[in-house]
Amino acid sequence: MKIQKTKILWVCCALVVVLVLGVMVYLLLNRGSMAAFARMEEHTLIIDPGHGGEDGGALSASGHAESAVNLDIALRLDQIMGFYGVPTMLTRDSDISIHDEKARTLREKKVSDLHNRVAQVNSIENATLISIHQNSFPNYRYHGAQVFYGGEAGSQELAKCIQESIQSALDPENNRTPQRVQRTVYLMKNVSCRAVLVECGFLSNPEEEKLLQEKAYQMKLAMVLGTSYIQSGETQEGESLI
């Protein structure tokens, strides 16, 4: 019985690897380039799972916190990028807030957390930030992922690449377009690198919330984000990595 369970586990792991490879190669080939890995070791992908700790973010009708979904997707993205040898940094890797110890109230912790995230991002040279979030709205009929971009060079192009990949690989009926992030979003306003914020879906929509809780769908989202990052490249001194 134990041997049989071990075999099943290995088969499942192999299928996940094949799925990761298959989707990423498909997306890369669809965009016409397999040379996108060149010099990726010179750049760092900063993966930011929004919220955490006492700040759970949006809450679904079934009681699931946004922060947990954000973290699940972020950890999967980090694993995929590690598989391809892409340098990464997670702003958090567990359900915590990264506020200073002196912060006492929830508001103080949120403010401190955001300040520390900005400091983390800005401490890394040649970085790209992907901040992962989930949307919510009082009207439950709204659904679909949408990407927002910051003001630094290359942000809009990365956002467009992610949005198009979501449409082609996950949600053909998603007609949303990338938008410039509002200046009230502290993290995106204050980082000094290429940056996008991805609202992966609406927790307020029951069907989409169910999808966002599924490990397989989280893996697909992570693959789309990773492939888009690799494919979009990084422009430095006018030379594209792809």
Side-chain angles (χ1 to χ4, degrees), residues 43-60 63-83 86-136 145-152 154-155 158-159 162 181-203 209 212-213 215 218-219 221-222 224-226 228-229 234:
H43 305 269
T44 300
L45 173 60
I46 301 175
I47 306 168
D48 173 51
H51 307 285
E54 293 178 53
D55 176 19
L59 195 66
S60 73
H64 291 100
E66 173 192 353
S67 57
V69 181
N70 297 342
L71 181 61
D72 284 343
I73 297 170
L75 291 175
R76 296 180 194 284
L77 175 57
D78 184 56
Q79 290 169 354
I80 292 170
M81 293 293 92
F83 183 79
V86 174
T88 62
M89 186 193 82
L90 284 158
T91 57
R92 66 180 180 95
D93 59 7
S94 59
D95 185 23
I96 59 170
S97 167
I98 53 175
H99 59 266
D100 294 334
E101 291 184 3
K102 64 181 180 180
R104 291 290 180 264
T105 67
L106 181 58
R107 176 176 172 77
E108 288 175 348
K109 291 176 181 178
K110 285 184 176 182
V111 170
S112 176
D113 175 276
L114 287 172
H115 288 176
N116 288 336
R117 289 183 199 236
V118 169
Q120 278 187 326
V121 174
N122 289 342
S123 69
I124 305 297
E125 294 184 359
N126 299 325
T128 292
L129 169 68
I130 296 182
S131 187
I132 298 172
H133 287 260
Q134 312 303 315
N135 222 329
S136 183
Q146 186 167 18
V147 189
F148 298 85
Y149 56 89
E152 296 298 319
S155 299
L158 176 58
I162 294 174
V181 72
Q182 295 181 358
R183 290 191 59 80
T184 53
V185 181
Y186 183 86
L187 176 67
M188 297 290 288
K189 183 178 73 172
N190 289 279
V191 296
S192 57
C193 66
R194 182 172 71 150
V196 297
L197 186 153
V198 184
E199 297 280 7
C200 298
F202 282 77
L203 289 177
E209 186 219 346
L212 291 166
Q213 296 292 340
K215 304 306 181 187
Q218 292 174 359
M219 180 65 78
L221 279 167
V224 165
L225 296 178
S228 298
Y229 169 70
E234 178 81 64

Point to revise | Closest approach of Gly52 to Ser67 (non-hydrogen atoms, all atoms of both residues) | key: N-CB, 3.6 Å
Check your understanding: Could you give the distance from CG (Leu158) to CD (Glu152), rounded to the nearest 0.5 Å?
Key -> 13.5 Å
Review point. Got a second to check how far Thr105's OG1 is from His99's NE2, nearest 0.5 Å?
Key: 10.0 Å
Exercise for review: Could you check if a side-chain atom of Ile132 sits within less than 4.5 angstrom of a side-chain atom of Leu225, using non-hydrogen atoms only?
Suggested key: yes
Review point. Which atoms form the tightest heavy-atom contact between Ala127 and Ile46, and what is the distance?
Key: CB-CD1, 3.7 Å
Point to revise | Side-chain heavy-atom pair Arg117, Asp113 within 4.5 angstrom cut-off | key: yes
Review point. Is the backbone of Leu45 close enough, under 3.5 Å, to the side chain of Thr128 for a donor and an acceptor to pair up by distance?
Key: no
Check your understanding: In Å and rounded to the nearest 0.5 Å, what is the CG to SG distance from Leu212 to Cys200?
Key -> 7.0 Å
Point to revise | Donor-acceptor under 3.5 Å (Gln134 side chain, Glu66 main chain) | key: no
Check your understanding: Taking atom NZ of Lys110 and atom NE2 of His51, what is their separation to the nearest 0.5 Å?
Key -> 7.5 Å
Exercise for review: Please tell me if the side chains of Gln213 and Asp72 come closer than 4.5 Å, counting only heavy atoms from C-beta onward.
Suggested key: no
Check your understanding: Taking all non-hydrogen atoms of both residues, which atom of Glu108 and which atom of Arg104 are closest, and how far apart?
Key -> OE1-N, 2.8 Å
Review point. Of Asp48, Leu71, Ile47, which meets side-chain contact (heavy atoms from CB on, under 4.5 Å) against Arg92?
Key: Leu71
Point to revise | Rounded distance [0.5 Å steps], CD in Glu209 versus CG in Leu59 | key: 9.0 Å
Practice item. Give the C-alpha distance, both sets of side-chain angles, the deciding distance and a yes or no for side chain to side chain contact (heavy atoms under 4.5 Å, CB included) between His115 and Val111. Key: CA-CA 6 Å; His115 288 176; Val111 170; 3.5 Å; yes
Revision key, fill the gap. Scanning both residues in full, the closest heavy-atom pair of Val118 with Asn190 reads CG1-O, 3.7 Å
Check your understanding: Between NE2 of His133 and CG of Leu187, what distance do you get to the nearest 0.5 Å?
Key -> 7.0 Å
Exercise for review: Looking only at non-hydrogen atoms, find the nearest pair between Tyr149 and Ser155 and report the distance.
Suggested key: CB-O, 3.5 Å
Practice item. Could you go through the side chain to side chain contact (heavy atoms under 4.5 Å, CB included) check for Leu77 and Tyr229 one step at a time? Key: CA-CA 11 Å; Leu77 175 57; Tyr229 169 70; over 6 Å; no
Check your understanding: So which heavy atom on Val121 is nearest to which on Cys193, and how close?
Key -> CG1-SG, 3.6 Å
Point to revise | Asp55 and Ser97 side chains, donor-acceptor separation under 3.5 Å | key: no
